[in-house]
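As structure tokens, the structure follows; a few thoughts come after it.
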Number of protein chains: 2
Amino acid sequence: MKSKNSYHHGDLRNALLQAGERLLAKEGVVGLSLRSVAKEAGVSHSAPYRHFRDKGALLSAIAQAGFERLAEAMDKAEKQHPDDPAKQLLAAGIGYVTLAVGNPETANLMFGGAIKPDEKDAELMEAGDRAFQGLVRIIENGQQAGIYKERETMELALAAWSSSHGLALLITAGKLKDAASSEEQVTQLAASVCEILSRGMLK
Amino acid sequence: MKSKNSYHHGDLRNALLQAGERLLAKEGVVGLSLRSVAKEAGVSHSAPYRHFRDKGALLSAIAQAGFERLAEAMDKAEKQHPDDPAKQLLAAGIGYVTLAVGNPETANLMFGGAIKPDEKDAELMEAGDRAFQGLVRIIENGQQAGIYKERETMELALAAWSSSHGLALLITAGKLKDAASSEEQVTQLAASVCEILSRGMLK
DNA sequence: ACCTGAACACCGTTCAAGT
DNA sequence: ACCTGAACACCGTTCAAGT
């Protein structure tokens, strides 16, 4: 049992993670300093170094939490429609885009290159892979149900991933300002992209 | 006629832009400081402020150049296949992805949220729009040729943009490390995604 | 008109010292 | 074992002063 007012914080690691996410949402990845995170958590500017190797490690941990939420969204999409892999894919796409739009700065952190390749630790990569594997499973469900054309699982999964990912990042980057202001519009756009990908652009 | 050794640089704005792009490619958007750009250009750390309002304005100008190259790639894709809008779309997708993969840090700058929304000046937005309009024109060519299903131009364009954009950023973010190491592999992936989008995933 | 150098407030990181 | 505070090298930005 630890007191919050004591010299020793007790759960500083989590407090820093929370403060980091809060400041990230407010200030963006450029405006987020390790010192401001420490201040927000109520500790000195050097305290974080007991829990994170450096600033990149904190960012990496925040990004990891984002990938875990993304993996959950994929799992949820699969379980929501146990016998309809087409609906699973639609729900996955909408979930992907909705999650990114709801946390645009986290999405930028996860995919925007703020974390240098050599700072990407194994845990971060694993969390990213888990999210992708959730989508791959949904594609495999469709293949087993025989609804897709004969193609490599990875090719289909990459096409689906690319279109959801692209739409999500176009929105978070503000390139679709007027067309994607409400959550309803965002859902509609995700559904439209998913349908075009499923049925094809060509006659 | 201006001398490079004189006290007055003569073309410092362009020199800073060039130095910025060079350092961006080498250090990434996180490692790029305005002071290092000034040093690379051989001027004092405060000289850039004669030519750019602040650091964001320099980044914005670099991003703008990136969008102009992207717009050129779209135009080139259209002109390369004057009578085949399907090939235009494939060339546009490959061009998009190839450009991003060749300049990953510039792509991150263009789409990664390093430039805050309020720093996005009119010129930057226009350059981005021009690139998108190039893609829209290619879609319209296909609609006029009657090759696409009946759908809003914008819906088709957004689906095409999303999938190319998503693939490009997945690669530059390093999420496809092993599958996209050579330029040939990258072209192949872009072609695969484009074909799946054109013909559809479903049987 | 354009560039420099000192100055200021901030930042990431380290390390001896405190509890 | 965990946190603090001084210290260092860096950064963005401003501004009087130089050419």
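Predicted, not measured: the structure shown is a model, and the values here were computed from it.
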For a quick check under 3.5 Å, do [X] and [Y] share a side-chain donor-acceptor pair by atom type?
X: B:Q185; Y: B:S181; result: yes
X: A:Q64; Y: A:E68; result: yes
X: B:E140; Y: B:T153; result: no

Integer-rounded Å distance: [N] [atom2] and [X] [atom1]:
X: A:Y49; N: C:dA16; atom1: OH; atom2: C1'; answer: 17 Å
X: A:R53; N: C:dT13; atom1: CZ; atom2: P; answer: 9 Å
X: A:K39; N: D:dC3; atom1: NZ; atom2: P; answer: 19 Å
X: A:L12; N: D:dT4; atom1: CG; atom2: P; answer: 8 Å
X: A:D11; N: D:dC3; atom1: CG; atom2: C1'; answer: 15 Å
X: A:L32; N: C:dC10; atom1: CG; atom2: C1'; answer: 14 Å
X: A:L58; N: C:dT13; atom1: CG; atom2: C1'; answer: 14 Å
X: A:L34; N: D:dC10; atom1: CG; atom2: P; answer: 19 Å

**Report entry** Paired nucleotide for C:dT19 [Watson-Crick or G-U wobble; both distances under 3.5 Å]
**Finding:** D:dA1
**Report entry** Base-pairing assignment for D:dA9 (Watson-Crick or G-U wobble, both under 3.5 Å)
**Finding:** none
Query raised in the report: Contact class for B:S46 (heavy atom, under 4.0 Å): base, sugar-phosphate, or nothing?
Result: base
Among [options], which nucleotide has an atom closest to any side-chain atom of [X]?
X: B:R50; options: D:dT13, C:dC2, C:dT13; value: C:dC2
X: B:S33; options: C:dT13, C:dC3, D:dC11; value: D:dC11
X: B:K55; options: C:dC3, D:dT4, D:dT13; value: D:dT13

Requested in this report: Determine: side-chain N/O of B:S44 to OP1/OP2 of C:dG5, distance under 4.0 Å, yes or no.
Outcome: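 No, B:S44 has no side-chain N/O under 4.0 Å of OP1/OP2 on C:dG5.
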Query raised in the report: Counting just side-chain N and O atoms, does B:H45 come under 4.0 Å of either OP1 or OP2 of D:dC10?
Result: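 Indeed not, no polar side-chain atom of B:H45 lies that close.
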Requested in this report: Could you tell me whether B:E195 and A:R151 have a side-chain N and a carboxylate O separated by less than 4.0 Å?
Outcome: yes
Query raised in the report: Is the closest basic N to carboxylate O distance between A:R22 and A:E105 below 4.0 Å?
Result: no
Query raised in the report: Does any N or O donor sit under 3.5 Å from an N or O acceptor when you compare the side chain of A:R35 with the base of C:dT13?
Result: yes
